[in-house]
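The structure under discussion appears below in the form of structure tokens.
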Amino acid sequence: MNTKETNKSMQNNSSALVLHSGGQDSTTCLFWALRQFKEVRTLCITYGQRHSLEVEVARKIATGAGVPFQLLNAGVISHLAENALTCPKMIMDEDKPADSYPNTFVPGRNLLFLTFAAVIARSYGIRHLVMGVSQADYSGYPDCRDTFIHSANVTLNLAMDEQFVIHTPLMWLTKAETWALADELGVFDIVRNETLTCYNGILADGCGNCPSCKLRKAGLDEYLAAKQRRQKTEQG
Ligand code: ZN
């Protein structure tokens, strides 16, 4: 390895690009990345989803964390196929239908997101990408699975002749464990009060009724109950 290459790899190893939507998961990933890497940038991708408030939430969190915020408009995604996140007229599935995915599934989204992120990261000399997907306790979206992420990683490396590394710190965590991670990182309050996960566009604890709020609340209740039990044991 010559000096130029050494410098390049050193530089690349110290910085990461986080795909950040302003939700609980990607915000937890942002603070995870700040622990792992010297320099972190965020990329917020819009695609005509229902709530543009997401962008402002993501911008505020990134600014608060002192990291550069970049916005990419990928509105073309909403023109490709109908789904409940981009079509205001569609009523969202509350549960996963037995033989298909909920209509909140946006086909191809994470593949496109990773491709956009990799191209942008490359332009900054960044090879580490961080994404808040998890296959442990969600709706079973295929592009949140570990196998897909590995496959996308290989494809991106082949497509650009690069050595990207996609990090998915939440891949095997339940929602309760994701809350635990936020707490461990010292950002429990930020994640609880400043993120937007609700499909109805309500900040923090949200509307309480949409599938996303239900999942978030169930995990939070489970985590807080476990924490309380632990504290009682420690005191007693
Ligand atoms: Zn909600």
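Since we're looking at a predicted model, the values are computed, not measured. Numbering of ligands and ligand atoms starts at 1, following listing order.
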Original post:
Which protein N, O or S atoms lie under 2.8 Å from the Zn ion (ligand 1)?
Top reply: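 Metal shell, protein only: Cys198 SG, Cys207 SG, Cys210 SG, Cys213 SG.
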
Original post:
Checking side chain to side chain contact (heavy atoms under 4.5 Å, CB included) against Thr195, which of Val187, Thr27, Asp25 comes through?
Top reply: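 So, applying the side chain to side chain contact (heavy atoms under 4.5 Å, CB included) to Thr195 and each of Val187, Thr27, Asp25, only Thr27 qualifies.
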
Original post:
Taking only residues two or more places apart in sequence or in another chain, which ones pass side-chain contact (heavy atoms from CB on, under 4.5 Å) with Asn157?
Top reply: Asn153, Phe164

**OP:** Name all residues meeting the side-chain contact (heavy atoms from CB on, under 4.5 Å) criterion together with Lys217; count only those two or more places apart in sequence or in a different chain, and write none if there are none.
**Re:**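 For Lys217, the residues satisfying side-chain contact (heavy atoms from CB on, under 4.5 Å) (neighbours in sequence not counted) are Asp221.
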
**OP:** Output yes when Arg127 and Glu162 qualify as a salt bridge under the 4.0 Å nitrogen-oxygen rule, no when they do not.
**Re:**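 A salt bridge is absent here (no side-chain N lies under 4.0 Å from a carboxylate O).
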
Original post:
For the ring pair His167 and Phe37, is the centre-to-centre distance below 6.0 Å?
Top reply: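 That pair passes the under 6.0 Å test.
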
Subject >> Residue list, ring-ring contact (aromatic ring centres under 6.0 Å, His included) with Phe188, at least two apart or on another chain >> reply: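 So Phe188 forms a ring-ring contact (aromatic ring centres under 6.0 Å, His included) with Trp179.
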
